[in-house]
Each structure stands twice: as structure tokens, then as C-alpha cells.
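Remember, it's 1-based here, ligands and their atoms both numbered in the order they're listed.
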Amino acid sequence: MRTPIIAGNWKMHKNVGEAVEMVRMLDERVADSPVEVVICAPFTSLSALSALGLGKVKLGAQNMFYADQGAYTGEISASMLEDVGCEYVILGHSERREIFKEDDELINKKVLKALEANLKPILCVGETLAQRKAGETETVVVAQTTQGLAGVSADQIEKVVVAYEPIWAIGTGETSNGDDANQVIASIRQTIGKLFGSELAEKVRIQYGGSVKPSNINEFMGQPEIDGALVGGASLKVEDFVGIIKY
Ligand code: PEP
């Protein structure tokens with residue numbers, strides 16, 4: 001049985017005070033949930049959130065660099081994230097791929113470094129609208145999954161979470177439907193099975209992401225291959241996020 005994992009990606013939202021206020025409330029409201037709950041906050045809030053001594057909510061970052069330390073102005077290392085209490089880190093989000101031109105090779109280096117530092121990567125994959133229309137969805141996600149996981153060992157793969165996020169569904173109000181998302185996620189699991197064997201692939205959690213809300217979460221969580229959600233906009237308000245976690 002895979003434990004469902006619902007993670008909030010706050011992107012570039014909330015100052016420290018706002019972050020602390022929401023996560024304190026969230027931690028109380030979801031204390032009894034059987035779901036693993038993660039908040040991926042901006043770097044600036046992570047120390048303060050960690051200092052709350054949270055019971056249920058785990059912390060994640062939204063990006064990191066692969067080097068240990070050095071002259072990389074503006075970057076943050078895996079060990080720095082570990083040091084401020086992160087357990088997870090989102091890698092390869094489509095906004096990183098599109099706006100900051102991150103490619104699969106760079107994302108793979110980050111995945112390997114995160115695992116080495118004992119962080120659990122949430123590796124994002126997903127197709128553009130043009131790729132979907134051209135019938136390339138599975139080719140794209142299989143390639144991103146294969147390249148993103150290159151060099152990961154069989155011992156490490158269970159720590160990886162994959163998030164299938166069709167780019168056209170992120171922040172647009174458009175969603176994939178449950179059946180379609182389930183089918184794409186099944187092909188991601190098959191890819192992991194080819195790389196690591198089907199027994200290990202069955203243990204890897206794969207989320208859906210893209211305009212998930214309290215009103216549509218059941219459609220996704222009712223699918224056999226979908227193990228949770230990566231949630232952007234609807235993770236910013238405690239009522240909405242609690243509604244998703246208590247699907
Ligand atoms: C995301 O940014 O990962 C995301 C899924 O955003 P939203 O839920 O707002 O579509």
C-alpha cells in the first residue's frame with residue numbers, strides 16, 4: 001500500500017508571518033489525517049516553519065542547486081535545505097523548466113544530489129498543450145522520467161515522488177480528467193518498472209498536479225495509479241488545502 005502524499009507548492013507567495021500563521025493552523029487541522037502532508041514554502045520561510053516543531057506537516061523546498069557549496073550566487077544547496085528541516089524538494093517544476101530554462105540533464109543532477117543529501121525529490125514531469133495535441137504526452141513524460149531518474153539506485157528509488165503535471169493544467173483552472181491522468185501515470189510507473197523492476201515501481205508514489213481543488217480531488221484520488229496531488233493555488237488558503245487533504 002502506498003501512503004498518499006499531498007504537497008502544497010506555494011511558489012513565490014507568503015512572507016514569513018503569513019507562512020507561520022497558515023502552517024500552524026494547517027498542522028492542527030490535519031493532525032489525524034492518514035495522508036502525508038507537505039508544504040513547499042519559499043526558502044525565506046523554511047527556518048521559521050521548522051522552528052514551529054510541526055507534528056504532521058512536513059517541509060519541502062521548491063528548488064535547489066546540485067553543487068555542495070561555492071560561487072553560485074543566488075543558489076541554495078541540498079545540505080542547506082536539510083539543515084533547515086526540509087524532507088522534500090520539488091525538482092523540475094514546469095516553471096523552472098520554462099522560465100529558468102532547466103533541462104533534464106540539470107534536473108537529473110539535482111535529483112541525484114538531493115538523494116545523496118537524504119532529501120526526497122518530487123520530480124515534476126508533464127507535457128505542453130502543443131505536445132498533447134500532437135499525441136506526444138506519453139513520449140514526453142517517459143523521456144522526462146527516464147532522464148530525470150538516470151543514475152538513481154534501486155535503494156533510492158522509493159524515496160522519489162514523481163508529480164505528473166500537464167503544463168496546460170497548471171494555474172489555468174483546466175484539469176486533466178481522472179482517467180486520462182491515471183493512464184499517463186500508469187505509463188510513468190511502467191517506465192520506472194523498466195528501470196528498477198515492477199516490485200519497486202509499485203512502491204513509488206506518483207502524484208497528479210494541475211488545478212487541483214477540493215471540488216475535483218476525489219476524481220483523481222479515486223484512480224488506482226494516483227497517489228496524491230501537488231497543489232499550487234489551492235494550497236495557499238487553509239480551508240481549500242484542508243478540503244483537499246480530507247478528500
Ligand atoms: C503547481 O504549481 O505545481 C500546480 C499544480 O499549480 P496549480 O494547482 O495552481 O495548478
Evaluate the criterion salt bridge (charged side-chain N to carboxylate O under 4.0 Å, His left out) for residue pair Glu21 and Lys14; output intermediate values, then yes/no. CA-CA 10 Å; Glu21 189 189 350; Lys14 294 193 189 290; over 6 Å; no
Please walk me through it: do Lys246 and Asp32 pass salt bridge (charged side-chain N to carboxylate O under 4.0 Å, His left out)? CA-CA 10 Å; Lys246 296 192 172 173; Asp32 297 333; over 6 Å; no
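Close approach of ligand 1 to Gly171 is summarised as follows: ligand atoms under 4.0 Å from at least one heavy atom of the residue are 7 (P), 9 (O), 10 (O). If you number the atoms of ligand 1 from 1 as listed, the ones under 4.0 Å from a heavy atom of Ser211 come out as 7 (P), 8 (O), 10 (O). Distances below 4.0 Å separate heavy atoms of Gly233 from the following atoms of ligand 1: 7 (P), 8 (O), 9 (O). Taking every non-hydrogen atom of Asn9 and a distance limit under 4.0 Å, the qualifying atoms of ligand 1 come out as 1 (C), 2 (O), 3 (O).
Tyr66 carries Lys109 over the face of its six-membered ring, with the cationic atom under 6.0 Å from the centre and within 45° of the normal.
The nearest heavy-atom contact from the protein to atom 8 (O) of ligand 1 is Gly232 N, 2.8 Å. With hydrogens left out, the protein atom closest to atom 3 (O) of ligand 1 is Glu165 OE2, 2.7 Å, a heavy atom. Of all protein heavy atoms, the one lying nearest to atom 1 (C) of ligand 1 is His93 NE2, 3.2 Å.
Under a 4.0 Å N-O distance rule, the pair Glu239/Arg29 qualifies as a salt bridge. Using a cut-off of 4.0 Å between Lys/Arg side-chain N and Asp/Glu carboxylate O, Lys56 and Asp27 are scored as not salt-bridged.
Put simply, no part of Lys213 is less than 4.0 Å from ligand 1, judged by heavy atoms. Judged by the shortest distance from any of its heavy atoms, Ala234 lies outside the 4.0 Å radius around the atoms of ligand 1.
For the pair Gly210 and ligand 1, the shortest N or O to N or O distance does not fall below 3.5 Å. The shortest N/O to N/O separation between Val231 and ligand 1 does not fall below 3.5 Å. For Glu95, no nitrogen or oxygen atom sits less than 3.5 Å from a nitrogen or oxygen atom of ligand 1, counting backbone and side chain alike. Between Thr172 and ligand 1, a contact under 3.5 Å exists for no N or O pair.
At a 4.0 Å heavy-atom cut-off, ligand 1 touches Ala169 through the backbone alone. Proximity of Ile170 to ligand 1, defined as any heavy-atom pair under 4.0 Å, is shared by backbone and side chain alike.
Note on ring orientation: taking the six-membered ring where Trp is involved, the planes of Phe65 and Tyr72 are tilted (angle from 30° to 60°).
Just one of Leu123, Leu149, Leu112 meets the side-chain contact (heavy atoms from CB on, under 4.5 Å) condition when paired with Ile107; it is Leu123. When the options Arg97, Arg96, Lys110 are evaluated for a salt bridge (Lys or Arg N to Asp or Glu O under 4.0 Å) with Asp104, the one that passes is Arg97.
Residues Asp240 and Ser235 form no side-chain contact, since every pair of their non-hydrogen atoms from C-beta on lies 4.5 Å or further apart.
No donor-acceptor contact under 3.5 angstrom links the side chains of Tyr247 and Glu219, judged on distance only.
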